[in-house]
Amino acid sequence: MASNNITRRSFLGAAGIVAAALAACGGAGEGGGNAAAGKVYWLNFKPELDETLQTIKDMYKEAKGIEPKIVTAASGTYSQTLTSEMDKTDAPTMFVIGNAAGVKEWGGFALDLKGTAIESELNTDAYNLYDESGKLVSMGYCYECYGIVANADLIAKAGHDIADIKDFASLEAVVTDIHERADELGFDAFVATDMDDSSSWRVTGHLANLDYFYEERDDGGWDECPATIKGTYVENYKKLYDLAINNSTVEPKTLATGGHDPAQQFKDGKACFFFTGSWDYADLAAAQPNIHMLPYYCGVDGEEKAGLNCGTENCWAVNANASEADQQATIDFMVWLVTDPDASALLVEQLGIMPYNNAAESTNGFLNDAADYTSNGCYVMDWATNYQPNVDDYRAALVSALNAYNANPSDKTWADVRTAFVDGWATQYKKANA
Amino acid sequence: MSKKIGRGNSQTQATRRWAWLFLGPVVAAFTIGFVWPFIQGICLSFCKFRITSDATFVGISNYQAALADPSFQHSFWYTAATAVVSLVLINVFAFAVAYALTQGIRGSNLYRTVFFMPNLIGGIVLGYIWSMIFDGILSHYDTSILLETKYGFWGLIILMCWQQIGYMMIIYIAGLQAVPEDMIEAAKIDGATKWQTLFRVIIPNVMPSITICTFLSLTNGFKLFDQNLALTGGLPYLIQPDGSTINTTEMLALNIYNTFYNSSTAARGTAQAKAVIFFVLVAGLGLAQLAYTRKREVQQ
């Protein structure tokens, strides 16, 4: 064996070559890898993903002989970490730009991903972020969704078919029928839409998205938080909201206090409709096997083509200042992540669904529903709700107004809801941008 | 005993020389933990800042914004009402309980312990427990403590009474036990009724306790935060025509907190100015009240 014959001289020579190779990598440390093939440095922003990524790092090294460097910023410190890492010579080649604000701040550091190998793997451009010049700054690597979760078994038990629910009218027909016959059936239509802190976000954050989304669509898309909103679809919001609270297991008057545990009601089969999202799938599916997610049908024209509310802040960007070899290595790594069956299966388990043609199938039923809607040509309702200005104050005002409406439904109390919804946006925008 | 300690006294010299060693840690802790943050807080109230190490001077505009804020004005009057009502109720009940428990009834010690115990529970926990109790009752009437300002107000008063009566009671008991027996006996021999004894002999003698209890309950009332946050969190809101809100059950401390954290970072200076106004107010009221009740204390 060669090692038996190492002389002091050849050892020094070899050491010199190794040192030179390391220097060429810019002191990349563990992420040095093969200099000719370029290197990969992923600055990850999700602490809960770190363990999986360390496994993936080893898998990639085994498969391709390149060890990517993967660093996870401590919880809540991603932007500080990115700021300091980007200053270094050995900067991340792959990082996260998750929203429009991030595009403004970091878009200049991002390579245009248009026409790259990873772009051709995408099956939708719904989660891509572009800057004003049309550059593809970052692309979503996973997404979540929310909507109306429905228990297909219970709906069938009541003599309806979940497949018949195509718009607000058909949803309303099923819901009101079930509620009227609740005593006879032994279950009701909607679970309690509680307004305490553990649950109010379902309506002040998520359900509200239907107004923002359709307004955004009317405006031709929002690039940043608008200073005002028009409330064009607040009446549609009211329709769906009223349907939920008036055909429910509990009286609207009792919603302010909350404490009804809507998820438990749903799991116990006490009602068949529930406003929630894909993160609840495993929990709900363990109790009720045949569950699906419906879009927010609220009486908007053309809503038969509505899909679920899907969105993400998990978007990849490639460092424009990295060397070409490094960029290529990074893109190769990304492609491998979304095409390798084992790697993508690991990621899908952690992240939900990955919108790429050859990624592993998601095991999340709600996300599969979302993908089905998309492949049937339905539009994705993106998360315009993420623009809510001064989000805590804005939602708290909405909760208070909805509490008053629930206790005493009238035009007067609804006018306050509308004020909090529409004028509250402008007020909070002003405060946030003072 | 009256001999003046001369300069030559070695103990005095040693004390003088080493005083800094014993005073140092306390002075340092007090400076680091109170004086410095206090000064910095006052400075920041004249600044615009996102993080405290990077502030720009803006003059008195923060104070103008704070005083012009209708939610701050509302929370001031709401706090004043809460503080005054709770001050009266807490002290009347605490004195009554203390008086009853110094009359030698059986099981006095047990009662004292039981009345004192609520004081050992933290404000946040108390707030949530009482919100459940109130809502448990109000739900029979199809309403909630979060729906009516008056429920929120009286709910908070009940909570504060429940928590603080026991504490004040202990102070009153100490005061009552210090009233000289012979004075009460003399009053009895002179033919004073129970009420006369109470108002003419006992109360003037427990004035020091009343001073301290009214001071504590007044400042406690003004500074109240945890209970307010947990019980109603300011709900219900009055939605203003422009979409802004008046949080009807929000007290001063919660108003400052909400201004600092929930609004834009530009409002942090305003919150800081509110906090300085708040300090001046509480300190001023406390001192005025101390001066007033001190005058009524009698020398034994």
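Computed over heavy atoms, backbone and side chain alike; hydrogens, waters and symmetry mates excluded. In what follows, chains carry the letters A, B, and so on, assigned in the order in which the sequence lines appear, proteins first and then strands, with residues in each chain numbered from 1.
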Under 4.5 Å from any heavy atom of chain A, what part of B:Gln240 do you find: side chain, backbone, both or neither? backbone
What pair of heavy atoms forms the shortest contact from B:Pro241 to A:Thr419, and how long is it? O-CG2, 3.6 Å
Residue [X] excluded, over 12 heavy atoms near [atom1] under 6.0 Å:
X        : atom1 : answer
A:Lys270 : NZ    : no
A:Tyr429 : OH    : yes
A:Phe187 : CZ    : yes
B:Tyr141 : OH    : no
B:Phe116 : CZ    : yes
A:Asp197 : CG    : no

Flag, side chain of A:Thr427 to backbone of B:Asp242, donor-acceptor distance under 3.5 Å: yes
From [X] atom [atom1] to [Y] atom [atom2], the distance as rounded to the nearest 0.5 Å:
X        : Y        : atom1 : atom2 : result
A:Thr257 : B:Asp135 : OG1   : CG    : 3.5 Å
A:Lys430 : B:Ser244 : NZ    : OG    : 9.5 Å
B:Leu238 : A:Ser400 : CG    : OG    : 8.0 Å
B:Tyr237 : A:Asp393 : OH    : CG    : 6.5 Å
A:Gln428 : B:Thr245 : CD    : OG1   : 7.0 Å

Please look at A:Ala396 and chain B and tell me whether the side chain, the backbone, both or neither of the residue comes under 4.5 angstrom of a heavy atom of that chain. both
Under 4.5 Å from a heavy atom of chain B, the part of A:Ala404 involved: backbone
Residue, of B:Leu235, B:Asp142, B:Leu138, B:Ile145, that accumulates the most heavy atom pairs under 4.5 Å with chain A: B:Asp142
